[in-house]
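The model shown is predicted, which means the values in this text are computed figures rather than measured ones. Heads up: numbering here begins at 1 and tracks the sequence.
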Amino acid sequence: MKKTTFCAILVGLVLVSLAAFAPMYLQNTVNTTSDLTEEQQIPEPMYTIRVYNNMLAVCRGTSTTPWQVTDIHISSLREYDQKLMEQGFPLYSQKDLTMFLEDYGS
């Protein structure tokens, strides 16, 4: 058997094997949220920055009710940042909140 014919057959076998086993492999490796352990799941934010009356507001957790309204006007932010804040920007610690307010408040 010629070397090129052997290589072609080998490549064909590999491709057939991949096609046959890929769905089974993918089914076993794709995680859903319910499959993740507590440590692997994204924690709930401590605070969420939201837009309230065109100002940035700090909400506790995922609440939509402002806990503290800042003096930072939404129009003072770049368009990209405005969109993030309109969606709700999560912060996971008091330190994150302090740094956020220092960065955007100045």
Side-chain angles (χ1 to χ4, degrees):
M1 191 179 337
K2 288 185 176 179
K3 190 174 184 179
T4 55
T5 304
F6 177 76
C7 289
I9 292 171
L10 185 59
V11 168
L13 288 173
V14 169
L15 291 175
V16 168
S17 298
L18 286 174
F21 293 107
M24 183 175 50
Y25 174 77
L26 291 174
Q27 181 181 13
N28 291 332
T29 59
V30 174
N31 286 332
T32 63
T33 303
S34 61
D35 293 336
L36 299 176
T37 65
E38 228 174 272
E39 296 83 31
Q40 293 171 319
Q41 292 182 8
I42 298 172
E44 184 173 307
M46 185 175 280
Y47 304 100
T48 302
I49 305 297
R50 301 187 184 280
V51 179
Y52 179 78
N53 291 337
N54 294 318
M55 306 298 277
L56 294 188
V58 180
C59 301
R60 290 188 174 166
T62 57
S63 173
T64 57
T65 305
W67 169 62
Q68 175 185 0
V69 179
T70 71
D71 60 353
I72 305 167
H73 200 279
I74 189 72
S75 65
S76 68
L77 305 178
R78 296 177 299 175
E79 187 176 332
Y80 177 80
D81 291 336
Q82 288 179 19
K83 289 179 182 177
L84 287 176
M85 301 311 145
E86 288 167 357
Q87 294 174 6
F89 187 75
L91 299 170
Y92 296 93
S93 69
Q94 179 67 44
K95 182 180 178 182
D96 290 344
L97 175 61
T98 302
M99 289 172 41
F100 177 90
L101 294 174
E102 287 174 357
D103 290 346
Y104 283 89
S106 50

Residues 58-77 vs side chain to side chain donor-acceptor pair (under 3.5 Å), sequence neighbours excluded, gives His73-Ser75
Here the side chain to side chain donor-acceptor pair (under 3.5 Å) pairs for residues 44-55, sequence neighbours left out, are Tyr47-Gln94
In this structure, CD1 of Ile74 is separated from CD of Gln82 (nearest 0.5 Å) by 5.0 Å
Hydrophobic cluster identity match, [X] and [Y], side-chain contacts under 4.5 Å:
X: Val51; Y: Met55; answer: no
X: Leu77; Y: Ile49; answer: yes
X: Leu84; Y: Leu101; answer: yes

Quick note, salt bridge (charged side-chain N to carboxylate O under 4.0 Å, His left out) partners involving residues 72-86, not counting sequence neighbours, are Arg78-Asp81, Glu79-Lys83
### Note, Met46 side chain near Leu97 side chain (heavy atom, < 4.5 Å)
no
Quick note, ring pair (Phe, Tyr, Trp, His ring centres under 6.0 Å) partners involving residues 78-98, not counting sequence neighbours, are Phe89-Phe100
